[in-house]
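In what follows, every chain begins at residue 1, and chains take the letters A, B, ... in the order their sequences are listed. The structure presented is a predicted model; accordingly, all values stated were derived computationally and were not measured.
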Amino acid sequence: MKQFYDHAEIEKKWRARWQELSLYSVDPTTADEGSAYYCLDMFPYPSGDGLHVGHWRGYVLSDVYARLARLKGKKVLHPMGFDAFGLPAENAAIKTKTHPKDYTDQAIANFTKQLQQLGASFDWSKTVNTSSPDYYRWTQWLFLQLYKHGHAEKRDGQVNWCPKDETVLANEQVVDGKCERCGTTVTKKNLSQWYFKTTSLAQELLDGLDQVNWPEHVKTLQRNWIGRSVGAELSFESPAGPIAVFTTRPDTLFGVTALVLAPEHPLVDKLVSPEQRDAVTAYLAEVRSKTNIDRQQQKETAKTAVFTGAAARVPLSEKDVPIWIADYVLMDYGTGAVMSVPAHDERDNQFARTHNLPVVPVIQSDRSTVETDPALVYEGDGVLIDAGEFSGRVASEVVSDIVAAANGKTVVTYRLRDWLVSRQRYWGAPIPIVYDPDGTAHAVNEEHLPLELPTDVDFLPGGESPLARSAEYKERAEKLYGKGWRFETDTLDTFVDSSWYFLRYLTPNDATKPFDKQLVKKRLPVDLYIGGIEHATLHLLYARYIARFLTKYGDDSSEPYLDPSVAEPFKQLFNIGMITLHGAKMSKSKGNVVSPDPLIEHYGTDALRGYELFVGPMDIEAEWSVNGINGIHRFLIKLVEEVRDSANTESNISEEDFDTYLRSIDSMYEGFRLNTVIAEAMKFLNKHTGHVSSEIMQKFAVTLYPIFPYISEEIYSLCGGNKDSVFFAPWPTPTTTVQQARVTVLVNQKFVGTVQVGEDAAEAEVLDVARDAGFVPNNVQRTIYKPGIALNLIAPQE
RNA sequence: GCCGGAGUGGCGAAAUGGCAGACGCACCAGCUUUAGGAGCUGGCGCCCGCAAGGGUGUGGAGGUUCAAGUCCUCUCUCCGGCACCA
């Protein structure tokens, strides 16, 4: 049968035709607001390993929606580019002793070729490459705008350090205490680094989630990551001055038995008494030697801590409590100081019991009144006891009174940390900062952008940026800015590159500005963004932050860089389920990569596209098994055979039949249920084999085109489709009216079947239809009709 | 611990509260054959039965309803995320 479906021939023919017609190249300026459709893939990191069948799934999915939108009359922008800076290229280059640029350019060439095999409708005239100076000059420009508005700043702090990659990492890049890229256990280091102040937009980032059509679990991940909590800041007097304490439970103030500071708290040194000096010094040294992992593991064990020798006065109660230092208190959350209430907080309780501090219950509960076990912690609500003038009142109801009486203020705190963007690596965009001879930072002049990567360096990592070893880079700074001036030698996190690429796709070659504000307003937000869940708290958060920044701040005038309508850049997000093999994500290092090449060779691109979608629901992980592709292939063969036969067959397909099919797949396409779209198409063909007329087949081909573009073109043209390509065909619309209501027929309260009737059908009409369907017994005495829902027939029992 | 999501044949999975298992894979039987790991026809949840047919069935226990995989309550298991965040 194969001679009738020569996929290689068909693909070759139509690929050439598409090329000739420049079908997928879109001028973004032509669309009006209503017809613009932006279908975006999370752009890939071009690794030398190439594409596997897992990568395919997302690109096929986005292509389906790009083509579908086109058939429905949209002016579709469907670009593809490369997130080309980053560690893997650098590491691969080190390993193979090539330059990262050569490695990357080659990988991009290879990727491009492989992406073209997909038969996807990418507009390659819009492509971007983040490692190209034409692109990263604008990444640097972006940094300078953030700097100008106080959103980029350099500061000392304890940072996550990956000893293997020899670079710092952002909080989001540390997963389970390990480096997201290489899995090495992350350690701490004190370094002066550049940060973007994501925390200053935390509330906006949280609120914006309510406006986007994203999967609920992704929104939840971001909400958890931002981690808003409302509490109060109270001031405790100490010998070293007032100490601010953040708490979410001001109602437990009277139960405070200690004040605990983070080891890095600035007042530690001033507070320590001479007798405790040695003990504190030893403890701080011990803390410094611990990794994050060590520190976290104490959660289950005892809490280490040391007494400072000083005391603090608790507001309102005016009691004096000891001041301790413990590493379970984090300097970068809240104020770095915690009021310890062991009776009503699990951690404080562990701490207090380890160090023999008193446990004082101040909220009455069944347990605390009856029991005397200090290990019992009651975190719920209740009536206050031993709480001065507040005794006898309900804890949750006196929070604001206590805050006011203690001269505190209500504050909101976030778990989100600022985004650490410095990297001590070579293959990234140089941070456009120059230091004067005194070491003061200055923005690089915009006319000096792009600040290009020096090429005269050995880029082996060594704990400081390879850029610091470049003689040329040093000379360049002095030449431009004067003797003793030097450039910042760290490079930017690659997530900065990818935080704005979707803006650049509209004007990828504009040498005068990073993006066109008016065009962006017209084309964004992105209508459909497709990518993996792994970016839920990385890329998606960073890109939202940058978009927020650009819509909030502007050049010199009051006008923002971007129209506020783009504050949420991704209107709809779809998370593509990963393809696994033997339960694991495909990767070359695990050796479980399935290449698409032999499958394309044997079954064709269309069959592989279809199978990628048919393996299961698109948002669910799917285990790869090659067996199923046969079924898709057989369907395509049948399709071609049907076309061969259709010239001289009489159709037995009513308009209703086709419309029923059409309505089903329409709603399935809408709901991303592409596995069932394919199932419906199979069902339709199976049912009507031998009886599909050319006319119906033409329409059928259009409905299959988003998924199977090559074969659809072929059968469309064989059936007399009179356009150059299905691309210009209209999406079929139903010609018949639908029978809206499905009415249930019951006899003596017992279900006998359902009938389809018009939405506002009268009882008599429903009864007629039910009788025709054989549901109505002869001896019906009475009928009860709930319009549009159920028809109950009462008949005497035999 | 907190927050999400999911449990349906041998497998991937379908099912606006209305005849569970569509569609496909695998398997079985028969046919065909120019070889088959090709094609065609039929069968295929489980139990009883030669069959017609009957019973039973969507992790478990209750409930709502004429009717529940679907809605409600409780519960078990698995997956994902966050977690010493005050």
Side-chain angles (χ1 to χ4, degrees), chain A residues 1-2 175-176 215-229 231-233 245-250 252 256 259-260 262 295-301 303-304 326-341 344-351 379 413-417 533-534 536-537 575 578 583 610-611 614-617 619-635 637 664 667-668 673 675-686 740-755 784 786 789-790 792:
Chain A
M1 293 301 143
K2 273 217 189 105
V175 178
D176 290 335
E216 207 47 49
H217 71 280
V218 180
K219 291 200 218 180
T220 304
L221 288 183
Q222 288 217 352
R223 288 194 185 106
N224 289 348
W225 191 262
I226 294 166
R228 180 181 198 266
S229 67
E233 206 171 288
V245 170
F246 175 73
T247 177
T248 54
R249 293 296 301 275
T252 62
V256 172
L259 183 64
V260 190
R295 218 165 140 165
Q296 272 165 24
Q297 268 163 2
Q298 287 179 89
K299 191 169 45 169
E300 277 88 35
T301 60
K303 293 204 169 355
T304 64
D327 66 354
Y328 80 90
V329 178
L330 309 171
M331 192 56 226
D332 56 359
Y333 183 80
T335 60
V338 170
M339 59 182 221
S340 179
V341 186
H344 305 294
D345 182 278
E346 188 65 47
R347 295 152 305 179
D348 294 344
N349 188 272
Q350 274 183 33
F351 161 74
E379 296 187 336
T413 304
Y414 301 90
R415 206 190 71 92
L416 183 74
R417 303 297 200 273
I533 186 71
E534 65 273 18
T537 53
N575 269 120
M578 209 171 48
Y611 184 59
F614 194 64
V615 283
D619 55 344
I620 308 272
E621 204 174 277
E623 171 72 13
W624 185 260
S625 137
V626 77
N627 291 331
I629 198 172
N630 278 322
I632 303 286
H633 190 227
R634 270 198 275 270
F635 167 71
I637 292 169
S664 303
S667 73
M668 288 165 179
R673 283 139 54 213
N675 53 332
T676 61
V677 168
I678 295 171
E680 283 299 304
M682 288 173 164
K683 204 158 75 174
F684 184 81
L685 187 63
N686 289 348
Q740 288 287 351
R742 184 159 67 182
V743 174
T744 300
V745 184
L746 307 165
V747 175
N748 297 329
Q749 303 281 49
K750 199 166 150 49
F751 176 86
V752 292
T754 59
V755 292
I784 304 159
K786 288 188 218 170
I789 299 168
N792 199 350

Return the value, rounded to whole Å, for the distance between atom [atom1] of [X] and atom [atom2] of [N].
X        : N     : atom1 : atom2 : answer
A/Asn349 : B/G1  : CG    : P     : 17 Å
A/Trp225 : B/G4  : CH2   : P     : 19 Å
A/Asp345 : B/A83 : CG    : P     : 18 Å
A/Glu379 : B/C84 : CD    : P     : 15 Å
A/Ile620 : B/C78 : CD1   : C1'   : 14 Å
A/Asn224 : B/A83 : CG    : C1'   : 10 Å
A/Gln222 : B/G80 : CD    : C1'   : 16 Å
A/Asp348 : B/G1  : CG    : P     : 20 Å

Where the side chain of [X] is concerned, which of [options] is the nearest nucleotide?
X        : options             : answer
A/His217 : B/A86, B/G4, B/A15  : B/G4
A/Val338 : B/C84, B/A86, B/A15 : B/A86
A/Val329 : B/A13, B/A86, B/C82 : B/A86

Provide the distance between the two [atom1] atoms, one in [N] and one in [M], to the nearest whole Å.
N     : M     : atom1 : answer
B/C27 : B/C74 : P     : 45 Å
B/A20 : B/G45 : P     : 14 Å
B/C66 : B/U16 : P     : 23 Å

Counterpart base for [N], defined by Watson-Crick or G-U wobble contacts under 3.5 Å:
N     : result
B/C27 : B/G43
B/A38 : none
B/U64 : none
B/G49 : none

Distances under 3.5 Å between nitrogen or oxygen atoms of protein and nucleotides 69-71 of chain B:
none

**Message:** For A/Arg415, give me all partners under salt bridge (Lys or Arg N to Asp or Glu O under 4.0 Å), at least two apart in sequence or on another chain.
**Reply:** none

**Message:** Could you work out, with salt bridge (Lys or Arg N to Asp or Glu O under 4.0 Å) as the rule, every residue matching A/Asp345, not counting sequence neighbours?
**Reply:** A/Arg347

Taking only residues two or more places apart in sequence or in another chain, which ones pass side-chain hydrogen bond (donor to acceptor under 3.5 Å, both in side chains) with [X]?
X        : value
A/Ser229 : A/Tyr333
A/Asp332 : A/Arg417
A/Arg634 : none

**Item:** B/G9, syn or anti by chi within 90 degrees of zero
**Value:** syn

**Message:** On RNA chain B, does the nearest nucleotide to A/Ser229 precede the nearest nucleotide to A/Glu623 from the 5' side, or the other way round? Give the residue.
**Reply:** A/Glu623

**Fill in**
Taking for A/Thr248 and for A/Ala622 the nucleotide of RNA chain B with the nearest heavy atom, the one nearer the 5' end belongs to A/Ala622

**Request:** Produce a footprint string for nucleotides 21-30 of chain B: one letter per nucleotide, 5' end first; B if the base is under 4.0 Å from any protein heavy atom, S if only the sugar-phosphate is, - if neither.
**Result:** -BBSS-----

**Item:** Residues which pass ring-ring contact (aromatic ring centres under 6.0 Å, His included) with A/Phe684, listed by chain and number, not counting sequence neighbours
**Value:** A/Phe658, A/Tyr661, A/His688, A/Phe700

**Item:** A/Tyr611: partners by ring-ring contact (aromatic ring centres under 6.0 Å, His included), with sequence neighbours left out
**Value:** A/Trp624

**Prompt:** Which part of the nucleic acid, if any, lies within contact of A/Arg417, taking any heavy atom under 4.0 Å across all strands shown: a base, the sugar-phosphate backbone alone, or nothing?
**Reply:** base

**Asked** Distance check: side-chain N/O of A/Arg415 vs OP1/OP2 of B/A83, anything under 4.0 Å?
**Response** yes

**Asked** Atom CD1 of A/Ile632 and atom CZ of A/Phe614: how far apart are they, to the nearest 0.5 Å?
**Response** 5.0 Å

